[in-house]
Novice: 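Structure in structure tokens, see below.
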Amino acid sequence: MPPPGRYPQVAMVGGGQLARMTHQAAIALGQRLRVLAADADEPAAQVSPDVVIGSHTDLDALRRVAAGATVLTFDHEHVSGELLEKLIAEGVNVAPPPAALLHAQDKLVMRRKLAALGAPIPRFIAIEGPEDVAAVDDFAALTGGPMVIKAARGGYDGRGVSIVDDAAQARAAVADYLAAGVAVLAEERVSMRRELSALVARSPFGQGAAWPVVETVQEDGICVTVIAPAPDLSDESAAVAQHLALRLADELGVVGVLAVELFETMDGELLVNELAMRPHNSGHWTMDGAATSQFEQHLRAVLDYPLGDTSPVVPVTVMANVLGAPEPPAMTMDERLHHLFARYPDARVHLYGKDERPGRKIGHINLLGDASTASAKLRERAESAAHWLSHGEWSDGWNPHE
Ligand code: ADP
């Protein structure tokens with residue numbers, strides 16, 4: 001062990017793939033990431049030598065992971081502000097601070113704050129109790145009917161989000177969430193061309209850095225593909241999105257990586273959907289496609305180091321998520337990798353050490369293109385590679401022996 005104090009000690013709440021990949025970046029900086037994991041088999045707990053087993057809802061477990069650490073940060077947004085305030089009162093440096101994190105935990109707080117800051121967002125109403133339900137009818141009349149009903153707290157990867165066509169369906173969805181004790185948000189359903197993400201980082205010193213804006217493709221509410229940079233996005237729109245994300249990071253006092261998920265409407269307007277204050281799926285491409293990965297940048301930001309260069313290293317990078325197949329293939333992952341590398345020697349594979357379960361994010365693949373690469377073609381290859389790792393079947397029927 002190096003003597004204490006020679007290297008900073010970053011502690012991360014959560015032992016998932018984001019912590020695992022942050023640990024990977026910590027190694028290059030001479031560090032080892034300490035993680036709070038629910039059990040020893042979680043992706044980051046498998047690889048970090050410094051694991052605290054416990055729950056993020058348990059103050060004592062949080063104290064143990066934070067003990068002596070330079071900074072405490074997160075691989076998810078589920079730690080209550082109340083517990084974090086207690087840690088801060090005991091002298092723990094928490095990044096991002098709970099006052100910022102709240103905007104990634106509560107969609108209603110986030111929408112209201114963005115509205116107050118004049119950021120472009122979908123029209124919405126808050127439904128915090130039965131007395132507000134009647135407002136759904138007026139809102140439907142105002143916006144034309146199609147809506148998205150969201151639980152203010154507790155949702156992720158499309159859970160806690162209901163797509164509805166009219167006021168009657170909206171009221172039913174609202175009633176379910178209210179019965180579960182959560183406040184609800186009714187939003188107009190945006191007709192969108194596509195979804196984008198503006199990823200930035202901010203340090204306590206106040207330095208900000210933005211990566212190129214990317215296109216994110218979702219299926220069933222889960223991000224499956226990311227194209228960096230977003231194809232055919234004008235320089236002007238990209239700059240607007242980057243400036244907006246940097247401004248929000250500043251106004252909210254974010255420390256670390258901030259992902260601003262955006263909708264691009266049919267007429268080219270950008271609306272903010274969601275905020276995430278941690279490394280994000282839309283930034284996995286940076287591990288191979290940018291001068292500084294989001295994981296290293298998150299560490300630099302929470303440690304108040306100068307931020308790294310966010311330039312892309314190639315003209316286009318595509319990231320495809322590897323999701324657990326509905327039926328896990330009989331072929332081992334080991335054998336699937338052999339075949340994958342035979343067909344795609346340039347595939348950059350990142351596996352998370354997770355058991356395969358349907359729809360679960362178990363890894364991702366990055367493919368890098370050069371100036372002669374069409375991004376659509378690169379996307380096809382990346383999705384084919386990811387499909388193969390998920391299913392053990394080539395989506396185009398490719399046979400190496402033919
Ligand atoms: P989560 O917290 O699960 O990520 P989001 O608020 O990001 O929930 O919504 C999940 C997905 O639902 C979005 O990626 C988008 O595809 C769709 N969606 C959310 N809000 C709207 C909206 N107002 N209009 C149209 N689609 C939406």
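Each ligand, and each atom within it, is numbered from 1 in the order the structure gives. Numbers here simply count residues along the sequence, with the first being 1.
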Novice: Applying ring pair (Phe, Tyr, Trp, His ring centres under 6.0 Å), can you list everything that pairs with Phe295, at least two apart in sequence or on another chain?
Specialist: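 Result, ring pair (Phe, Tyr, Trp, His ring centres under 6.0 Å) vs Phe295: His284.
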Novice: Minimum heavy-atom separation for Thr310 to Trp211, with atom names?
Specialist: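 Closest approach of Thr310 to Trp211: O-CD1, 3.4 Å.
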Novice: Just say parallel, tilted or perpendicular for the rings of Tyr344 and Trp394, cut-offs at 30° and 60°.
Specialist: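 Correct class here is perpendicular.
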Novice: With heavy atoms of Met192 as the reference, note each atom of ligand 1 found under 4.0 Å away.
Specialist: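 The atoms of ligand 1 under 4.0 Å from a heavy atom of Met192 are 25 (C), 26 (N).
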Novice: Check each of Thr265, Val148, Leu271, Thr216 against atom 22 (C) of ligand 1 and report the one with the nearest heavy atom.
Specialist: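 Shortest heavy-atom distance from atom 22 (C) of ligand 1: Val148.
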Novice: Should you measure from each heavy atom of Val161, which atoms of ligand 1 turn up under 4.0 Å away?
Specialist: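 Counting from 1, the qualifying ligand atoms are 8 (O), 9 (O).
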Novice: Quick check on contacts: which atoms of ligand 1 are under 4.0 angstrom from a heavy atom of Glu195?
Specialist: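 Taking each heavy atom of Glu195 in turn, ligand 1 has 13 (C), 14 (O), 15 (C), 16 (O) under 4.0 Å.
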Novice: Check ligand 1 against Lys107 and write out every atom of the ligand that is under 4.0 Å from a heavy-atom position of the residue.
Specialist: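 Going through ligand 1 atom by atom, the ones under 4.0 Å from Lys107 are 1 (P), 2 (O), 5 (P), 6 (O), 8 (O).
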Novice: Which heavy atom in Lys354 sits nearest to a heavy atom in Ile362, and how many Å separate them?
Specialist: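 Looking at all heavy atoms of both residues, the closest pair is CB-CG2, 4.1 Å.
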Novice: Examine ligand 1 and decide if any of its atoms is less than 4.0 Å from a heavy atom belonging to Phe263.
Specialist: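 Yes, Phe263 has heavy atoms under 4.0 Å from ligand 1.
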Novice: List the atom of Asp39, the atom of Ala45, and the distance in Å for their closest heavy-atom pair.
Specialist: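 Minimum heavy-atom contact is O-CB, 3.7 Å.
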Novice: Indicate, as side chain, backbone, both or neither, the part of Glu188 found under 4.0 angstrom from ligand 1 when only non-hydrogen atoms are considered.
Specialist: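 Near ligand 1, Glu188 shows its backbone, while the atoms from C-beta on stay back.
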Novice: Can you sort out which atoms of ligand 1 are near Glu261, meaning under 4.0 Å from one of its heavy atoms?
Specialist: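 In order of number, 7 (O).
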Novice: Of the side chain and backbone of Val190, name the one, both, or neither that has a heavy atom under 4.0 Å from an atom of ligand 1.
Specialist: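 For Val190, backbone and side-chain atoms both sit under 4.0 Å from ligand 1.
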Novice: Looking at every non-hydrogen atom in both residues, tell me the closest pair between Glu128 and Arg112 and how far apart they are.
Specialist: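 Taking Glu128 first and Arg112 second, the nearest heavy atoms are OE1-NH2, 3.0 Å.
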Novice: Counting only nitrogen or oxygen atoms and a 3.5 angstrom limit, does Gln218 reach ligand 1?
Specialist: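 Between Gln218 and ligand 1, no N or O pair is found under 3.5 Å apart.
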Novice: Taking heavy atoms and a distance under 4.0 Å, where does Ile163 meet ligand 1: side chain, backbone, both or neither?
Specialist: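 It is neither; nothing of Ile163 touches ligand 1.
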Novice: With heavy atoms only and a cut-off of under 4.0 Å, state how Arg189 meets ligand 1: side chain, backbone, both or neither.
Specialist: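 Both the backbone and the side chain of Arg189 come within reach of ligand 1.
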Novice: Minimum heavy-atom separation for Gln169 and Asp166, please, with both atom names.
Specialist: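 For Gln169 and Asp166, the tightest heavy-atom pair comes out as N-OD1, 2.9 Å.
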Novice: Mark the output for Met147 as yes if a heavy-atom distance to ligand 1 is under 4.0 Å, and as no if none is.
Specialist: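 No.
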Novice: Gln242 and Pro212: which non-hydrogen atoms are nearest, and at how many Å?
Specialist: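 Closest approach of Gln242 to Pro212: NE2-CA, 3.8 Å.
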Novice: For residues 14-58, which residue pairs pass the ring pair (Phe, Tyr, Trp, His ring centres under 6.0 Å) check, not counting sequence neighbours?
Specialist: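 Non-adjacent pairs meeting ring pair (Phe, Tyr, Trp, His ring centres under 6.0 Å): His56-His76.
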